Amino acid sequence: IVPSFNPYFYFRIGYRLARSALRSLYRVRVMFEDEQSMAEVSDQAAVVFIINHRSNIDYVVASYLTAERTMLSFGVGEWSRMWPVQSLMRMAGGYFVRRDSRDPLYRLLLKRYVQLATAARVPHAIFIEGQLSPDGSVGEPRLGLLSYITENFDPASTPELVFMSVGINYDHIVEAENMVRFSSEEFRRKGRVFVAWNLLKFIARLPWEMLCRRRNFGYVCAAFAKPVVFSNWLAQRDVAWPKLDRDQRHTLVQALGDTLIGDISDMVPATPVPMLCALWFDNMKLVLTRNQLEHRFCNLITRLRENGCHLVLVNESETDTLDHALNITLKRRMILCDENLEYRANPEDNDLIR
């Protein structure tokens with residue numbers, strides 16, 4: 001379960017590799033609901049980052065964006081228990097979680113490790129959905145790790161708990177085609193050889209992307225919500241946490257999970273490619289001229305702004321954002337353009353577009 005954290009690897013080698021790889025694949029953006037509120041978090045608090053899970057690149061994005069200030073200890077799934085990923089994850093502070101294990105001894109040991117790490121103020125990063133999102137949306141919270149972290153909380157004797165919700169979104173994720181082709185169960189049944197082969201294909205492409213630095217994957221953006229201070233959250237509900245029984249705590253952990261999932265959902269940014277694909281979401285047979293496309297795209301951006309969505313715009317321009325999104329989707333043949341300069345969704349990629 002436990003990591004073998006190597007500070008030199010994390011802050012020197014790992015950080016530089018993450019920075020080079022990310023900046024070669026993506027244009028990286030970061031947003032804050034209230035940056036000042038993050039700066040006010042005490043360095044004596046136990047901080048837990050709660051993140052939606054769009055891609056396995058999420059590990060790299062979160063670590064890269066926080067490495068200037070701290071390390072992050074991730075709960076890593078069993079998919080990564082293969083050479084050399086397992087050793088790298090351990091050195092980067094990852095601890096291994098078998099989410100479907102029913103072994104009571106394993107679950108007890110996992111709980112105690114998480115609690116000891118929290119008491120020592122090790123910053124955690126939790127993908128609260130417990131799995132990659134199969135359709136891009138933010139799923140239901142899995143509460144196991146959250147219940148472990150909060151179980152021993154006592155305002156009088158333990159470090160303050162601070163939850164930071166982070167919404168991540170991409171123009172293009174590496175796993176997109178596999179996520180469309182296979183369900184989570186089907187992908188697991190493919191076995192480690194299949195996973196390793198897909199990983200090797202990506203690794204083989206990475207040096208070329210890093211050399212050319214064309215950022216063919218478009219934008220990745222992480223948006224940070226206001227921190228949720230656990231003692232304040234309890235005080236708002238007039239709750240004395242140490243006095244509660246198990247069932248009462250479970251009910252409150254569910255409410256906390258719903259709060260954090262709501263914060264993440266509010267923060268997930270709209271990157272250019274998803275905004276463009278949204279125009280076809282309800283009607284995959286829609287055919288648009290360039291003028292119609294621009295008109296609908298600008299109207300969509302206006303509606304998103306009015307609803308408080310965090311937007312990733314190219315040069316703060318709707319036209320440049322549309323051009324960027326078209327460039328990526330036309331290359332991937334998700335959107336097709338005919339000789340009359342009319343745009344339509346590729347019927348073979350309807351699920352990918354959605």
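Small disclaimer: the values here were computed from a predicted structure and weren't measured.
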Does [atom1] belonging to [X] count more than 12 external heavy atoms closer than 6.0 Å?
| X | atom1 | value |
| --- | --- | --- |
| E140 | CD | no |
| R333 | CZ | no |
| R12 | CZ | no |

Problem set entry | Validation row, ring centre Y15 to ring centre Y64 under 6.0 Å | yes

Membership question, hydrophobic clusters at under 4.5 Å side-chain separation (ILVMFWY): are [Y] and [X] in the same one?
| X | Y | value |
| --- | --- | --- |
| Y219 | L22 | no |
| L244 | V253 | yes |
| L25 | V30 | yes |
| W233 | F163 | yes |
| V166 | Y59 | yes |

Problem set entry | S42 and E160: side chain donor to acceptor below 3.5 Å | no

For this session: Mind running ring-ring contact (aromatic ring centres under 6.0 Å, His included) on W241 and F230 for me, showing each step along the way?
Result: CA-CA 10 Å; W241 184 258; F230 191 48; 5.3 Å; yes

For this session: List the steps and the verdict of salt bridge (Lys or Arg N to Asp or Glu O under 4.0 Å) for D43 and R121.
Result: CA-CA 9 Å; D43 58 4; R121 301 183 183 90; over 6 Å; no

Exercise. Is T289 close to L341 at the side-chain level, that is, under 4.5 Å between some pair of heavy atoms?
Worked result: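 No, every pair of side-chain atoms sits at 4.5 Å or beyond.
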
Problem set entry | 4.5 Å side-chain heavy-atom contact, L234 and F153 |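 L234 vs F153: side chains touch.
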
Exercise. When you measure from the side chain of D103 to the backbone N and O of L105, does any donor-acceptor pair fall under 3.5 Å?
Worked result: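 Looks like yes, one N/O pair under 3.5 Å.
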
Problem set entry | Any donor-acceptor N/O pair, R29 side chain to A222 backbone, under 3.5 Å | no

So that I can tick it off, tell me whether [Y] and [X] are bridged by a salt bridge, with the cut-off set at under 4.0 angstrom between side-chain N and carboxylate O.
| X | Y | answer |
| --- | --- | --- |
| R27 | D171 | no |
| R296 | E318 | no |
| D323 | R290 | yes |

For this session: Take the angle between the ring planes of F5 and F11 and call it parallel below 30°, perpendicular above 60°, tilted in between.
Result: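 Because their plane-to-plane angle is over 60°, the rings of F5 and F11 count as perpendicular.
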
Exercise. Relative to each other, are the rings of F74 and F127 parallel, tilted or perpendicular (30° and 60° limits)?
Worked result: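 Ring orientation of F74 relative to F127: parallel.
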
For this session: Would you please test N52 and E129 for side chain to side chain donor-acceptor pair (under 3.5 Å) and show each step?
Result: CA-CA 7 Å; N52 66 314; E129 299 156 285; 5.3 Å; no

Exercise. Could you give the distance from OG (S317) to CG (L322), rounded to the nearest 0.5 Å?
Worked result: 9.5 Å

Problem set entry | Candidate pair L311 and C309, rule side-chain contact (heavy atoms from CB on, under 4.5 Å), full reasoning | CA-CA 6 Å; L311 302 176; C309 185; 4.1 Å; yes

For this session: Start with the C-alpha gap between D320 and H324, add the side-chain angles, then the distance that decides, and say whether side chain to side chain donor-acceptor pair (under 3.5 Å) holds.
Result: CA-CA 6 Å; D320 290 350; H324 166 85; over 6 Å; no

For this session: Start with the C-alpha distance between R107 and L110, add both sets of side-chain angles, then the distance that settles side-chain contact (heavy atoms from CB on, under 4.5 Å), and finish with yes or no.
Result: CA-CA 5 Å; R107 300 194 75 81; L110 175 64; 5.6 Å; no

Exercise. Could R54 and Y170 be counted as a cation-pi pair, given that NZ or CZ must be under 6.0 Å from the ring centre and within 45° of the axis?
Worked result: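 Output no; distance or angle outside limits.
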
Exercise. Between L146 and T150, what is the shortest heavy-atom contact and its length?
Worked result: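 The pair with the smallest heavy-atom distance is O-OG1, 3.0 Å.
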
Exercise. Is there a side-chain contact (heavy atoms from CB on, under 4.5 Å) between I51 and I128 once you walk through the steps?
Worked result: CA-CA 6 Å; I51 310 171; I128 194 168; over 6 Å; no

For this session: Run the numbers on T118 and H124 for side chain to side chain donor-acceptor pair (under 3.5 Å), then give the verdict.
Result: CA-CA 8 Å; T118 303; H124 290 290; 3.0 Å; yes

Problem set entry | Intermediate values then yes/no, ring-ring contact (aromatic ring centres under 6.0 Å, His included), H172 and Y26 | CA-CA 9 Å; H172 170 51; Y26 294 103; 7.7 Å; no

Problem set entry | F32 and M38: CA distance, side-chain angles, deciding distance, side-chain contact (heavy atoms from CB on, under 4.5 Å) verdict | CA-CA 9 Å; F32 302 92; M38 294 187 62; 3.3 Å; yes

